[in-house]
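Note sheet for the following structure.
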Number of protein chains: 2
Amino acid sequence: MSVRVSTRDRVHRAVLELVAEVGVPGLTMEGVAARAGAGKQTIYRTWDSPLHVLLDALLTASQDADGRVEVPDTGDLATDLRVLVDGMVAELTDPPSDAMMRHVVALLPDRPGLGEELQERLLRPQVAAIEARFERAGVAESGPAAELLLGPVFHRWLLRTGPFSEQWIATHVRLVVQALST
Amino acid sequence: MSVRVSTRDRVHRAVLELVAEVGVPGLTMEGVAARAGAGKQTIYRTWDSPLHVLLDALLTASQDADGRVEVPDTGDLATDLRVLVDGMVAELTDPPSDAMMRHVVALLPDRPGLGEELQERLLRPQVAAIEARFERAGVAESGPAAELLLGPVFHRWLLRTGPFSEQWIATHVRLVVQALST
DNA sequence: CGCCAAACGAGACGTAGCGTCTCGTTTGGC
DNA sequence: GCCAAACGAGACGCTACGTCTCGTTTGGCG
């Protein structure tokens, strides 16, 4: 990304403002350029779609915030898993992130590049933290275990079958821990 | 839907042909109308977007095929859950259904009507069948149980983290059954 | 300090799809 | 066999597309 720093920032700000006003389907390259006070060519030089601009803006912001996911270890597996699930739920329910991720996964078959960027810079660290905590607990199948924990969270987020209430998360974590205690 | 039957069929055929050629993002109302030999007004009278046309076409086809999901009961819970998971996997990996569902869930926050139609006519029967089988097995929390079974399947489908191999499904079902055997 | 190439803001350009509309022309139910 | 409702066709102005060509900053190097 060879765009000048100040320009990048203005474009990021513009797309975040616009997505709040018109939603992801309402984003346009011309709109972003105009709001950022930039030429269209400048936008096309670096990004290939409004969704790509939004993805970059959100990932840049989240990276500036923390960068990596800490692996908690209070000794109690259920407690630590809750912390990790809470982090993921926070990400999934933040409105701009929610909308962006939905549209990125929609285009995943057609534009794998977008999905990889999301995967690499946002999801993988979360999954890795969960697997690490399982391994520390002596769980052999940490991969399937992480999927068992995250799957229902994504399912509930994706299909909006119910809220992420205290009680639901507690029940879910309990079932997962039970599945892994041979 | 007051469109004449033969017209509906021609539109359904047209959108299924087109989505295979140009993908969901390439679908347009004008393209569907032209391919179906219909006027644009006729399309707009019944549907409000190309994705809505595709959703209707796929749901109509799948309803004509079977209509409802059978609840298997061989006596072995793991075996029956496999059958139900296999059915869901088949639906999720059929290319046009795959693409359609991704785009519908992407628009779910903006256009809840689309999501409800998908939910009601396709997903709910699957979930109900799984919950019914759990209840027959004496599982108290059949709701969370169904989520535990389906969540990782959707997670793997959505993020494409790995294939639906024999081995993965077997391991996953085993973990779920174990989570529920108090 | 002054230079110069790279990056930039602005916007013109032809194309395509949008959603609405107005035409005649089927078409099917009474 | 009649007549209103539904239809095929396509014109209309509009918006966004992606490419392009302009001058104009701008920042690094001598």
Side-chain angles (χ1 to χ4, degrees), chain A residues 1-57 60 99-100 103-104 106-107 110-114 117, chain B residues 1-57 60 96 99-100 103-104 106-107 110-114:
Chain A
M1 313 243 183
S2 54
V3 171
R4 252 187 294 116
V5 175
S6 62
T7 301
R8 279 176 60 88
D9 287 352
R10 266 159 46 228
V11 171
H12 283 165
R13 266 192 287 273
V15 77
L16 291 174
E17 286 175 25
L18 282 172
V19 77
E21 294 170 17
V22 298
V24 174
L27 289 178
T28 66
M29 290 301 239
E30 298 206 328
V32 170
R35 177 69 63 105
K40 291 169 62 176
Q41 195 66 260
T42 303
I43 310 293
Y44 278 104
R45 227 192 309 273
T46 306
W47 300 277
D48 58 7
S49 67
L51 186 58
H52 190 189
V53 181
L54 177 61
L55 172 67
D56 192 41
T60 299
M100 181 272 291
H103 285 85
V104 168
L107 295 174
D110 308 295
R111 297 173 48 194
L114 272 188
E117 203 165 338
Chain B
M1 314 246 183
S2 53
V3 170
R4 250 185 294 118
V5 174
S6 61
T7 301
R8 278 175 60 89
D9 286 351
R10 274 187 294 127
V11 171
H12 283 165
R13 264 191 288 273
V15 77
L16 290 175
E17 285 174 26
L18 282 172
V19 76
E21 295 170 16
V22 298
V24 174
L27 289 178
T28 66
M29 291 299 240
E30 299 208 328
V32 171
R35 177 69 64 105
K40 291 169 61 175
Q41 196 67 260
T42 303
I43 311 293
Y44 279 103
R45 226 191 312 269
T46 305
W47 301 277
D48 58 6
S49 66
L51 187 57
H52 191 188
V53 181
L54 178 61
L55 173 67
D56 191 41
T60 299
M100 180 273 290
H103 285 85
V104 169
L107 296 175
D110 308 295
R111 297 174 47 195
L114 272 189

Checklist entry - In whole angstrom, what separates B:R35's CZ from D:dA9's C1'? => result 18 Å
Next on the checklist: How many whole angstroms separate atom CD of B:Q41 from atom C1' of C:dT25?
Outcome noted: 16 Å
Next on the checklist: Using only atom types and a distance under 3.5 Å, with no angle test, would you say the side chain of B:T42 pairs donor to acceptor with the backbone of B:A38?
Outcome noted: no
Checklist entry - What pair of heavy atoms forms the shortest contact from B:A99 to B:V24, and how long is it? => result CB-CG2, 3.7 Å
Item to check | Consecutive-pair stems (3 or more, Watson-Crick or G-U, under 3.5 Å) for DNA chain C | outcome: C:1-29 with D:2-30
Checklist entry - Looking at B:A33 and B:I43, what are the two nearest heavy atoms and their distance? => result CB-CG1, 3.8 Å
Item to check | Interatomic distance where CD1 belongs to B:I43 and C1' belongs to D:dG10 [whole Å] | outcome: 14 Å
Item to check | Summary of protein contacts for nucleotides 13-18 of chain C, nucleotide by nucleotide, where a base hit scores B, a sugar-phosphate-only hit scores S (4.0 Å, heavy atoms) | outcome: ----BB
Next on the checklist: With a 4.0 Å cut-off on N to O distance, would you call A:E21 and A:R35 a salt bridge?
Outcome noted: yes
Item to check | A:R111 versus A:S49, side-chain donor and acceptor atoms under 3.5 Å | outcome: yes
Checklist entry - At their closest point, which heavy atom of B:V32 faces which heavy atom of B:A14, and how far apart are they? => result O-CB, 3.9 Å
Next on the checklist: Is there a side chain to side chain contact (heavy atoms under 4.5 Å, CB included) between A:L114 and A:H103? Walk through the geometry before answering.
Outcome noted: CA-CA 10 Å; A:L114 272 188; A:H103 285 85; over 6 Å; no
Item to check | B:D9 CG to D:dC7 C1', straight-line distance once rounded to whole Å | outcome: 16 Å
Checklist entry - Can a side chain N or O of A:R10 be found less than 4.0 Å away from OP1 or OP2 on C:dG9? => result yes
Checklist entry - Under the side chain to side chain donor-acceptor pair (under 3.5 Å) test, which residues partner B:D110, sequence neighbours left out? => result none
Checklist entry - What integer distance in Å separates B:H52:NE2 from C:dG19:P? => result 14 Å
Checklist entry - Does B:R45 place a side-chain N or O at less than 4.0 Å from the phosphate oxygens OP1/OP2 of D:dA6? => result no
